[in-house]
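This is a predicted model, so every value here is computed, not measured.
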Amino acid sequence: QVQLVESGGGLVQAGGSLRLSCAASGRTFSTAVMGWFRQAPGKEREFVATVSWSGTNRNYADSVKGRFTISRDNTDNIKNTVYLQMSSLTPEDTAVYYCAASPGANRFSYTTKRYDYNYWGQGTQVTVSS
């Protein structure tokens, strides 16, 4: 059974920082594309960031470029971890953040498309107060 477990969410003031973690287990994800998405109340789930399985290629939503950084740790072949470092947070970043995994075509590929991801975590709440 594939499992993705997010952690690190919480309440932070505007301008602050948080680091989200996503632990992937139950399957080898060292060759999976990993992504972060978020969903605010009453809105569609939207793409935030993605990273190739090599860790060398990344892409970000325009709204978070320069403020968020995605990274991954593939050193443990049993459990892989993906991180989302968030800084300069604003109230508009308030949402439930989801980690997701997608089969990677090659070590450099990534995807921003929600429907390319077939494994999802349960989400972690991030609330930014003004």
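Using a 3.5 Å distance cut-off with no hydrogens or angles, the side chains of Gln85 and Ser87 do not pair a donor with an acceptor.
The two residues Gln125 and Val96 come nearest to each other via the heavy atoms OE1-CG2, 3.2 Å. Leu4 and Ala101 get closest at one heavy-atom pair: CD1-N, 3.8 Å.
Between Asp73 atom CG and Tyr83 atom OH the span is 5.0 Å, to the nearest 0.5 Å. To the nearest 0.5 angstrom, Asn59 atom CG is 6.0 Å from Lys65 atom NZ. Taken to the nearest 0.5 Å, the OG atom of Ser71 stands 11.5 Å off from the CE atom of Met34.
Leu84 and Tyr119 end up in the same hydrophobic cluster when Ile, Leu, Val, Met, Phe, Trp and Tyr side chains are linked at under 4.5 Å. Placement of Tyr60 and Leu18 within a single hydrophobic cluster is found when ILVMFWY residues are connected by side-chain heavy-atom separations under 4.5 Å, directly or transitively.
When the options Tyr97, Tyr115, Tyr117 are evaluated for a ring pair (Phe, Tyr, Trp, His ring centres under 6.0 Å) with Phe37, the one that passes is Tyr117. Among the candidates Asp93, Leu20, Thr94, the single residue satisfying the side-chain contact (heavy atoms from CB on, under 4.5 Å) test with Val126 is Leu20.
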Quick one, Trp36 with Val82, criterion side chain to side chain contact (heavy atoms under 4.5 Å, CB included). Give me CA distance, side-chain angles, the key distance, then yes/no.
CA-CA 9 Å; Trp36 285 97; Val82 180; 3.5 Å; yes
When you look at Arg114 and Trp120, which way does the side chain to side chain contact (heavy atoms under 4.5 Å, CB included) test go after all the steps?
CA-CA 10 Å; Arg114 172 183 171 185; Trp120 293 84; 3.9 Å; yes
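At distances below 3.5 Å, at least one donor-acceptor pair connects side-chain atoms of Arg58 with backbone N or O atoms of Ile70. The backbone N or O of Gly35 sits nowhere less than 3.5 Å from a side-chain atom of Tyr110 that would complete a donor-acceptor pair. A donor-acceptor contact shorter than 3.5 Å links the side chain of Glu6 to the backbone of Gly123. Judged by distance alone, the side chain of Ser88 and the main-chain N or O of Arg67 form no donor-acceptor pair under 3.5 Å. For the pair Ser52 (side chain) and Arg107 (backbone), a donor-acceptor distance under 3.5 Å is present.
Considering only heavy atoms from C-beta on, Met86 stays 4.5 Å or farther from Val48 through its side chain.
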